[in-house]
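Worth saying up front: this structure is predicted, and the values here are computed from it rather than measured.
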Amino acid sequence: MTLKSIDREYLELAIDTAYRNISEGGGPFGAVIACNGHIVARAANMVVPSHDPTAHAEIEAIRQASAQLGTHDLSECVLYASCEPCPMCLGAIYWAGISRVVYASDRHQAASAGFDDEKIYSELALDKDERSIVMERGLRDQGDNVLRKWEEYPDKVRY
């Protein structure tokens, strides 16, 4: 696939961010978010330095872009990632409304480097009763009442 020059430039920036992050104690992943052709976020994987398993480069970039743009809706943005997003990051990309992702390496190469997301992909395909994490339900009525209140709340912002 031949990339447009702007896509190539931003993807190279994501890759450069990943390279630099290795020597700074972070993981080998970088992400850039652009909106209307302008970079609004650039982030690296900070899982180890921040002691936060959710601090993946894509998540960090989404947080930065949302703060910079003052919105949770990033549907006008493109995410550039040094590697194919993992299931958690992919979920965040969907929640943010990002409709285009350009990435360099893929999840199979990431698995070869020790970042194997296949277990998560496999688990998500299973019924909740078959997953390795025990899922228990309790206080159903109270939980359902919160959602009913939300449904009736006149000033809600949908996302």
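Atom CZ of Arg148 sits about 4.5 Å away from atom CG of Asn145, to the nearest 0.5 Å. Summarising the geometry, atom CD belonging to Glu58 is positioned 6.5 Å from atom SG belonging to Cys86; distances are rounded to the nearest 0.5 Å. Phe29 contributes atom CZ, which lies 9.0 Å from atom CD1 of Ile22 (distance to the nearest 0.5 angstrom). Rounding to the nearest 0.5 Å places OG1 of Thr17 at 12.0 Å from CG of Asn45. Going from atom SG of Cys77 over to atom CD1 of Ile62 covers 9.5 Å, rounded to the nearest 0.5 Å. Once rounded to the nearest 0.5 Å, the distance linking NE2 of His108 with CG of Asp117 reads 10.5 Å.
In the hydrophobic cluster analysis, where Ile, Leu, Val, Met, Phe, Trp and Tyr join through side-chain heavy atoms closer than 4.5 angstrom, Leu74 is grouped apart from Leu90. Linking ILVMFWY residues whenever their side-chain heavy atoms come closer than 4.5 Å, directly or via other members, places Val32 and Leu3 in the same cluster. Ile33 and Ile39 are assigned to two separate hydrophobic clusters, defined by single-linkage of ILVMFWY side chains at heavy-atom distances under 4.5 Å. Cluster membership for Leu69 and Val101, using ILVMFWY side-chain heavy atoms within less than 4.5 angstrom, is shared. Put simply, Val48 and Phe115 are part of two different groups of oily side chains (I, L, V, M, F, W, Y) that touch within less than 4.5 Å, one to the next.
For the pair Asp144 and Arg137, the salt-bridge criterion is met [side-chain N within less than 4.0 Å of a carboxylate O]. For the pair Arg8 and Glu12, the salt-bridge criterion is met [side-chain N within less than 4.0 Å of a carboxylate O].
Across all non-hydrogen atoms, the minimal contact from Cys35 to Val40 is CB-CG1, 4.1 Å. Residue Ala44 comes nearest to Glu60 through the heavy atom pair O-CG, 4.0 Å, listed as atom of the first residue, atom of the second, then distance. Closest approach of Ala43 and Ala61 over heavy atoms only: CB-N, 3.5 Å. Ala111 and Asp116 make their closest contact through CB-OD1, 3.9 Å (heavy atoms, listed as atom of the first residue, atom of the second, distance).
For Asp16, the salt bridge (Lys or Arg N to Asp or Glu O under 4.0 Å) partners are Arg20, Arg42, not counting sequence neighbours. The side-chain contact (heavy atoms from CB on, under 4.5 Å) test applied to Asp141 returns no partner, not counting sequence neighbours.
Under a 3.5 Å cut-off, the side chain of Lys128 and the backbone N or O of Met135 do not form any donor-acceptor pair. For the pair Tyr10 (side chain) and Val78 (backbone), a donor-acceptor distance under 3.5 Å is absent. Of the possible donor and acceptor atoms, one in the side chain of Ser82 sits under 3.5 Å from a partner among the backbone N and O of Gly30. Checked by atom type and distance alone, the side chain of Glu84 pairs as donor or acceptor with a backbone atom of Arg107 at under 3.5 Å. Panel note: side chain Asp106, backbone Gln109; a donor-acceptor pair is recorded below 3.5 Å.
Between Met88 and Ile59 there is a side-chain heavy-atom pair separated by less than 4.5 Å. With contacts defined as side-chain heavy-atom distances shorter than 4.5 Å, the pair Arg100/Tyr80 qualifies. Between Pro28 and Asn21 there is no side-chain heavy-atom pair separated by less than 4.5 Å. Side chains of Thr54 and Arg63 form a contact here, defined as non-hydrogen atoms less than 4.5 Å apart. Counting heavy atoms from C-beta outward, Pro87 and Glu123 have side chains that stay 4.5 Å or more apart. Taking the side chain as every heavy atom from C-beta outward, Val102 and Leu79 never approach each other to under 4.5 Å. For the pair Asn36 and Glu76, the minimum side-chain heavy-atom distance is below 4.5 Å.
Counting heavy atoms of neighbouring residues, nucleotides and ligands inside a 6.0 Å radius, atom NZ of Lys156 exceeds 12 of them. At most 12 heavy atoms of other shown residues, nucleotides or ligands fall within 6.0 angstrom of atom OH in Tyr19.
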For this session: Kindly indicate, with the supporting measurements, whether the criterion side chain to side chain donor-acceptor pair (under 3.5 Å) is fulfilled by Ser75 and Asp73.
Result: CA-CA 6 Å; Ser75 58; Asp73 180 3; 2.8 Å; yes

